[in-house]
Number of protein chains: 2
Amino acid sequence: MLSPTEENYIKSIFHLSEDGQKEVSTNTISDEMNTSAASVTDMIKKLALKKLLDYRKYKGVKITKKGKLEALRLIRKHRLWETFLVRKLNFSWDQVHDVAEQLEHINSPLLVSRLDEFLGFPTVDPHGDPIPGNDGKLPVTNRKSLAEMELCTMGTVVAVKDSSSLFLKYLDKIGAVIGSKIEVLDRVDYDGSLEIEIDKKSRVFVSRDVADNIMMV
Amino acid sequence: MLSPTEENYIKSIFHLSEDGQKEVSTNTISDEMNTSAASVTDMIKKLALKKLLDYRKYKGVKITKKGKLEALRLIRKHRLWETFLVRKLNFSWDQVHDVAEQLEHINSPLLVSRLDEFLGFPTVDPHGDPIPGNDGKLPVTNRKSLAEMELCTMGTVVAVKDSSSLFLKYLDKIGAVIGSKIEVLDRVDYDGSLEIEIDKKSRVFVSRDVADNIMMV
DNA sequence: ATATTTTTTTAGACTAATCTAAATATTATC
DNA sequence: GATAATATTTAGATTAGTCTAAAAAAATAT
Ligand SMILES: [Mn+2]
Ligand SMILES: [Mn+2]
Ligand SMILES: [Mn+2]
Ligand SMILES: [Mn+2]
């Protein structure tokens, strides 16, 4: 059994390591968690003891198979709850993250499976992120960011990398929501900002940073 | 802001004091919470400092107005979640208590009001207990326990006092669920046990203890 | 290859929630 | 009203999660 705090660490480490591939440094984790590096050292020692991380002093951590499974269990719950909040309780996509951050720690396998069933076994959450299965399997997707798209090509928004309210409200404003079609009209090589056309209607300029956080297919 | 632990204490004290009327002793609380009396003393000091309890050394505690409101806020969430689990996720009434015990601590006013709306503003939970309003108001009910009923009178089951799985499964078995009609056929004065007829069909004997936990109208 | 800077770990301390054992107050009994 | 029993509080520890400051290791720059 993991405490909510341990669960949050393992989930963050999973994300920071790009789904468990890369090693993650102490400072990277402390930045993400808004805790001191000293606290992180304590916690990664504990998680290593529980075999969720491989830890080499001064070398950072790598998440183990067991750690990945724990992270995916949590991510599954997080995304199912976000889906519930949007589809059943009429939350907007920028309101769900913080509540799901709490709900993901509720411990009841029956609740998770019934929620999944109630929602009709959804495959993606309101931000376009895939929902891991009960076995912890994530579908492979071949997405690229808006920033990586070629000039004069058209794509569909399928997900967002940043779930902050500020970012999502901005996307709502310019109309770049999931499902909308975007064509890249021009790219400023100096800073990577783009001029885009959304749904054949509005033309807007977006920064490189914004374009990095919009995932297309 | 209260921690989940503080919330659990204030809720238990509210129940033990019969909705805030009576004083509650340290040992009564420690029994209910399964903690040591020493822990209770520490906690009631803290809650008294937060003005949720009136505490006089060696004399027990009485819940304040502020404390009652906190308790009712929690009870409202608990009962709304139980209702959700039964009505939307097909939990049975004996499966909901422990999960609701976790869900009640989720902190999101928007979530509570949307859940209330989604359920069509329910007034009672799956155990027949009234759901406090957003303002903390509880409807006054005039129920009496099955044990208090007169011989040869008929009543309807409206609530249960014990929400444990063991008790509820027993009620399912004998068919004494909410809405069923019960007539008291005979009472054993020695131990207060009863012979009852349920829904004009089956006759069973129930102990005084069971009869105490079935609320009738 | 040294010296400096950055990163990471260790040492020591704090708070919340818990415990056991000892001390003290209250209540019941004779 | 003294004594015994019970209830409650205090004292002192423990664990989880956090912090700051100091020490040590690793990375970078000269
Ligand atoms: Mn979380
Ligand atoms: Mn999401
Ligand atoms: Mn609880
Ligand atoms: Mn209930």
Side-chain angles (χ1 to χ4, degrees), chain A residues 1-14 16-17 22-63 67 70-71 74 98 101-102 104-107, chain B residues 1-17 22-63 66-67 70-71 74 98 101-102 104-107:
Chain A
M1 267 300 76
L2 298 185
S3 71
T5 307
E6 291 171 320
E7 288 186 331
N8 284 337
Y9 269 91
I10 204 74
K11 192 179 64 153
S12 286
I13 293 167
F14 180 82
L16 291 170
S17 66
K22 298 197 315 184
E23 300 225 315
V24 188
S25 74
T26 302
N27 271 359
T28 307
I29 299 168
S30 76
D31 273 11
E32 172 74 15
M33 306 286 296
N34 293 307
T35 55
S36 69
S39 301
V40 172
T41 301
D42 284 348
M43 182 56 84
I44 61 185
K45 277 180 185 169
K46 190 155 56 126
L47 295 176
L49 238 128
K50 295 192 178 187
K51 308 283 181 205
L52 300 164
L53 298 177
D54 285 326
Y55 168 53
R56 282 159 35 242
K57 241 190 217 182
Y58 292 102
K59 297 292 179 187
V61 292
K62 196 152 183 240
I63 197 164
E70 276 301 330
L74 205 65
D98 293 346
E101 209 50 53
Q102 297 179 62
E104 69 189 4
H105 302 289
I106 303 292
N107 174 25
Chain B
M1 268 301 77
L2 299 184
S3 71
T5 307
E6 291 171 320
E7 288 186 332
N8 285 337
Y9 269 91
I10 204 73
K11 191 179 64 152
S12 285
I13 293 167
F14 180 82
H15 286 313
L16 291 170
S17 67
K22 299 197 313 184
E23 301 224 314
V24 189
S25 73
T26 301
N27 271 359
T28 308
I29 300 169
S30 75
D31 273 12
E32 171 75 16
M33 306 286 298
N34 294 307
T35 54
S36 68
S39 301
V40 171
T41 301
D42 284 348
M43 182 55 84
I44 60 186
K45 278 181 184 168
K46 190 155 55 124
L47 295 176
L49 241 132
K50 294 192 179 188
K51 307 282 181 204
L52 300 165
L53 298 176
D54 285 327
Y55 168 53
R56 282 157 37 241
K57 241 190 214 180
Y58 292 102
K59 298 292 178 186
V61 292
K62 196 154 183 238
I63 197 163
K66 193 174 165 202
E70 277 302 330
L74 205 65
D98 293 345
E101 209 51 53
Q102 297 178 61
E104 69 189 4
H105 302 289
I106 302 292
N107 174 26

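Values in this document were obtained by computation on a predicted structure and should not be read as measured data.
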### Message
Are A:Glu70 and A:Glu6 packed together at the side-chain level, in the sense that at least one heavy-atom pair is separated by less than 4.5 angstrom?
### Response
no
### Task
Measure from CG on B:Leu47 to C1' on C:dA16 and round the result to the nearest Å.
12 Å
### Task
Starting at atom CD1 of B:Ile29, determine the distance to atom P of C:dT18, rounded to an integer number of angstrom.
13 Å
## Note on the structure
Rounded to whole Å, CZ of B:Arg56 lies from P of D:dA7 at a distance of 18 Å
### Task
Starting at atom CD of B:Glu23, determine the distance to atom P of D:dA7, rounded to an integer number of angstrom.
17 Å
### Heavy-atom check, side chain of B:Met33 versus side chain of B:Met43, under 4.5 Å
no
#### Entry: Whichever of B:Ala37 and A:Ala38 has its nearest DNA chain D nucleotide further upstream toward 5'
B:Ala37
### For atom NZ of B:Lys45 and atom P of C:dA16, their distance in whole Å
14 Å
### Query
Among the nucleotides D:dT9, D:dT18, C:dA11, which one has an atom lying closest to any side-chain atom of A:Asp42?
D:dT18
### Query
Which of these passes side chain to side chain contact (heavy atoms under 4.5 Å, CB included) with A:Val61: A:Leu16, A:Ile29, A:Asp54, A:Val40?
A:Ile29
### Query
For A:Met33 and D:dC19, what is the distance between atoms CE and P respectively, to the nearest whole Å?
10 Å
### Message
Using a 4.0 Å heavy-atom cut-off, does B:Thr41 contact any base of the nucleic acid, only the sugar-phosphate backbone, or nothing at all?
### Response
base
### Query
When the distance from CG of B:Asn34 to P of C:dT18 is rounded to whole Å, what number comes out?
11 Å
### Query
Given atom OH of A:Tyr55 and atom P of D:dA25, what is their separation to the nearest angstrom?
13 Å
### Message
Just to be sure I understand the rule, does B:Ser39 reach a base, reach only the sugar-phosphate, or reach nothing, if contact means heavy atoms closer than 4.0 Å?
### Response
base
#### Entry: Nearest-nucleotide pick for B:Thr26, side chain only, options being C:dT18, C:dT10, D:dT9
D:dT9
### Task
Quick one: pull up CG in A:Leu74 and CD in A:Glu101 and give me the separation to the nearest 0.5 Å.
7.5 Å
### Query
Do any side-chain nitrogens or oxygens of A:Asn27 fall under 4.0 Å of OP1 or OP2 in C:dT6?
no
### Message
What contact category does A:Ser36 fall into here, base, sugar-phosphate, or nothing, at under 4.0 angstrom with non-hydrogen atoms?
### Response
base
### Query
For A:Met43 and A:Tyr58, take the nucleotide of DNA chain D holding the closest heavy atom to each; which residue's nucleotide lies nearer the 5' end?
A:Met43
### Message
For C:dA16 and B:Tyr9 - does any side-chain N or O of the residue sit under 4.0 Å from the phosphate oxygens OP1/OP2?
### Response
no
### Query
Distance from A:Asn107 atom CG to A:Glu7 atom CD, nearest 0.5 Å?
7.5 Å
